[in-house]
Every structure is written in structure tokens, then in C-alpha cells.
Amino acid sequence: MHQTFDAALEINLLHANQEGADHNRAHFDAWGITCLNIMSSPGAGKTVLLEKTLAALNQTLKIAVIEGDMTTELDADRLRQHNVPVIAINTGRSCHLDSKMVAGGLYQLEHQYNPSDFDLVLVENVGNLVCPAEFEVGEHAKVALLSITEGEDKPLKYPVMFQEADCLLITKMDLAPHLEIDVNRIIANVRQMNPNVTIIPVSAKIGEGLTAWFDWLQSQIPAAEKIASKLPDLTSA
Amino acid sequence: MHETDMTKALILTVQNWWEAQPERPKISQVHLTVGQFTCVEPVSLQFAFEVQTRNTFLEAAKLVIQETPLVAFCHHCQQEYRPEIGVQYACPECRSPMEDIRSGRELKINRIEYCSDSAESYASNL
Ligand SMILES: Nc1nc2c(ncn2[C@@H]2O[C@H](COP(=O)(O)OP(=O)(O)OP(=O)(O)O)[C@@H](O)[C@H]2O)c(=O)[nH]1
Ligand SMILES: [Mg+2]
Ligand SMILES: [Zn+2]
Ligand SMILES: [Zn+2]
Ligand SMILES: [Zn+2]
């Protein structure tokens, strides 16, 4: 005869990833870096957007990119042409970046560069509308992209990503005249579950909306804190 | 697929608990709560668990998944409602956006059920 017993655990399945993300964020904070996690389905335009962003802001901000795309070296090489550090992460067959992979990227940043010099780390996540939203990597804000070719219903069908986003870019707006798509319906669908998200329609191709995106991006960088956190570095040098 | 990662995390957590028990008990059930407003598919999780626990101390353990529905609270109407996933998230009464999620985001290991007789000396060969 045997007895059965119960042990209460009450532990989150993503506990380990969450701890890793908090750890990464602590490093970013110590270095005075703002980190953005950029997510979308495959081909929504993350890399092209990053190219435009680097081209426009490279003079004003010190930027590094963590490139988590599975076809990495292709995307990474495109971005390296802008003379910024691009740390390519081999995600293997994983369909998302996790905090451990990004910690590997931070290790490289720390040992190959002086991380306190940087203002901004842009993380291009694996093209996937589902689980990147569940795996925090240590970002300060989440940016989701949805291209207008994907249809109005995507936010309803893949709600977690759109519910978690701090900023949503509706991309490839230059294609709007060729499609039967109601951008206002995309916006209304997202607002149903995330009323406070910043929504910016953009076209990386023709430049529409990019100024608004750059403004939002710069608004995420806490200027005063930044200067304070950099002072010790300057004096110790 | 990410269910593989989730399962790895799950097994590690259970293993940590198991190794901390002096008698290394035989685990019969692992109870999870998985919310419907997560990107975890219970069927895939079951499958990954079965595959990954073969020939380990968890081989005999059953994964019991309790799904929790998406429940939101509308502050305007002062009542809970069940958004229709994939269709409609705003409050059906007043159309206010879904802002306050009361359930559906859970991904939790609740408890472990185990027997008094110890596992047949499985090394935790994970
Ligand atoms: N018309 C148009 N095409 C665009 C725009 N932005 C990106 N594209 C095209 O969309 C395709 C995919 O763009 P990428 O930037 O590689 O997309 P991605 O999200 O990085 O893709 P993955 O990394 O593979 O997930 C390319 O052919 C781009 O030229 C845009 O604003 N307008
Ligand atoms: Mg890309
Ligand atoms: Zn560390
Ligand atoms: Zn995944
Ligand atoms: Zn209401």
C-alpha cells in the first residue's frame, strides 16, 4: 500500500527566462543603455527599418544591434554596412530569442566594445508573431511591426504580441494603394486589446512616418539619467 | 517549437525539487495551469513532455494541464467578461478596450503529486 502526497510549487514556467531578462536589464541600466525588442512575422520589414534607423540616427546616438534572425548573417551583413556593431546570435532552430541568448550577445558587447559608450541596443527578434512576445530578453520596450499586406485580422489572431507592444509600426504603407486594406480597422483591432500603444504607420521605402518613429525612439532614451550614469566613466578614464 | 523550451524549463524546475527531497520520491503527476491567452498549446506541451521525460525520473509522471479561460474586467461596466479570442476583445456591453486581464495569462507549475515509495533509483539522466 502506498500513500500519495502533494507538494505545492507555484512557480512560473518562464521563471528562469524572466530572471535572465531582469539580469540583462540590470546590465543595460548600469551601462546607460536603452534596449528595444523588435518583433514581427517574417518579412514584415524589421531589417529594412533598422537600416533606415541606423542611417538616420547613427550620428546622434551610439547604437548597437543584436540580430536574432535565423538567416542571421544575411541581415547582419546588411546592417554592418552602417558601421555599427552587429552581434549575430545563432538561434539555431529556436523560433524566438530568449534571455540567455541575448546574455551571450551582451557578453560580446562587453568584451569587444565599451558598453557604457552606447545609448541604444536594438534587438531584431526571430520573425514570428507568436512566442517572442512571451520571452522577455531584458528590453525596456517592445516594438511590434505589422505590414499592411498581412491583413486586418492579424492582431485579433495573434493577440499576445499586439497586447504586449509599446509601439506598433504598420509597415509598407506605400503598398496601400494597391491593396484592399483598411488601416483604420487594423488600428481599431489593436486598440481593442491595447488602448495605450503608440501606433505609427510607416513606409521604409518612401520614408513616410519615419520621423515619427525616430521621435518615439528618442523619447525612450532617458537623457538625464544617461548623463548621470556616464559621469563615473568619464572621471575614471 | 517553443513548447520544447517550456518543457525544458518545466522539467528543470521539477528536477530541482526532486533532488532536494532526501527520499527521491516517485512522481506520479505534475499539475500545470496554462492560460488561454498565452502562446502555449497544451497538446504540444503534452507531446514534448512525453518525449523529453522518456528514461528519466519523470517517465511515469503524468502531466495534468488545467486551462484557464481569458477573463477581463470592464471598469466601465464594473463586471467581468469573456473576450472571444481571435474575434473580439473589447467589452461586449460598452465596447471599452480590454485593459484589465483577470485570468488567461497563467503559465504555472502548481503542484507535484508523489508516492511514498521512492523511484526505482533512476539517475536523473537529463
Ligand atoms: N514596398 C515595401 N517593401 C518593404 C518595405 N519594408 C520592407 N520591404 C520589403 O519586405 C521584404 C522583407 O523585408 P525585411 O526587412 O527583410 O523583413 P524582416 O522583418 O527583417 O524579415 P525577417 O528578418 O526574415 O523576419 C523585403 O523584400 C523588403 O524590401 C516597405 O516599406 N515597402
Ligand atoms: Mg530581418
Ligand atoms: Zn551579468
Ligand atoms: Zn518560440
Ligand atoms: Zn463594458
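Keep in mind that what you see is a predicted model, and the values were worked out from it rather than measured. Proteins get letters first, then strands, A, B, ... in listed order; numbering begins at 1 in each.
Distance alone, capped at 3.5 Å, places no donor-acceptor pair between the A:Asp166 side chain and the A:Ala141 backbone. The main-chain N or O of A:Glu150 is found under 3.5 Å from a side-chain atom of A:Lys154 such that the two form a donor-acceptor pair.
The ring-ring contact (aromatic ring centres under 6.0 Å, His included) check on A:His140 picks up nothing, with sequence neighbours excluded. For A:Phe5, the ring-ring contact (aromatic ring centres under 6.0 Å, His included) partners are B:Tyr114, not counting sequence neighbours.
With chain A as the partner, the residue from B:Ala72, B:Ala9, B:Gly86, B:Cys91 showing the most heavy-atom pairs under 4.5 Å is B:Gly86. Counting heavy-atom pairs under 4.5 Å between each of B:Ile109, B:Leu10, B:Val40 and chain A puts B:Ile109 at the top.
Pairs of residues two or more places apart, or lying in two chains, never qualify as side chain to side chain donor-acceptor pair (under 3.5 Å) while including a residue from residues 34-44 of chain B.
Proximity to chain A (any heavy atom under 4.5 Å) is shown, for B:Gln88, by both the backbone and the side chain. Within the 4.5 angstrom heavy-atom criterion, no atom of A:Asn189 approaches chain B. Of the atoms belonging to B:Glu113, heavy atoms from both backbone and side chain fall under 4.5 Å from chain A. When heavy atoms are compared at a cutoff of 4.5 Å, A:Tyr158 does not approach chain B at all.
If you run side-chain contact (heavy atoms from CB on, under 4.5 Å) between A:Leu36 and each of A:Val121, A:Leu120, A:Val123, only A:Leu120 comes through.
By the 6.0 Å contact criterion, OH on A:Tyr107 is open, its count of non-hydrogen atoms from other residues, nucleotides or ligands being 12 or less.
Using a cut-off of 4.0 Å between Lys/Arg side-chain N and Asp/Glu carboxylate O, B:Arg54 and B:Glu59 are scored as not salt-bridged.
Among the residues in residues 8-26 of chain A, those with a non-hydrogen atom closer than 4.5 angstrom to a non-hydrogen atom of chain B are A:Ala8, A:Leu9, A:Glu10, A:Ile11, A:Asn12, A:Leu13, A:Leu14.
Judged by the 6.0 Å distance and 45° axis criteria, B:Arg105 is not positioned over the aromatic ring of B:Phe37.
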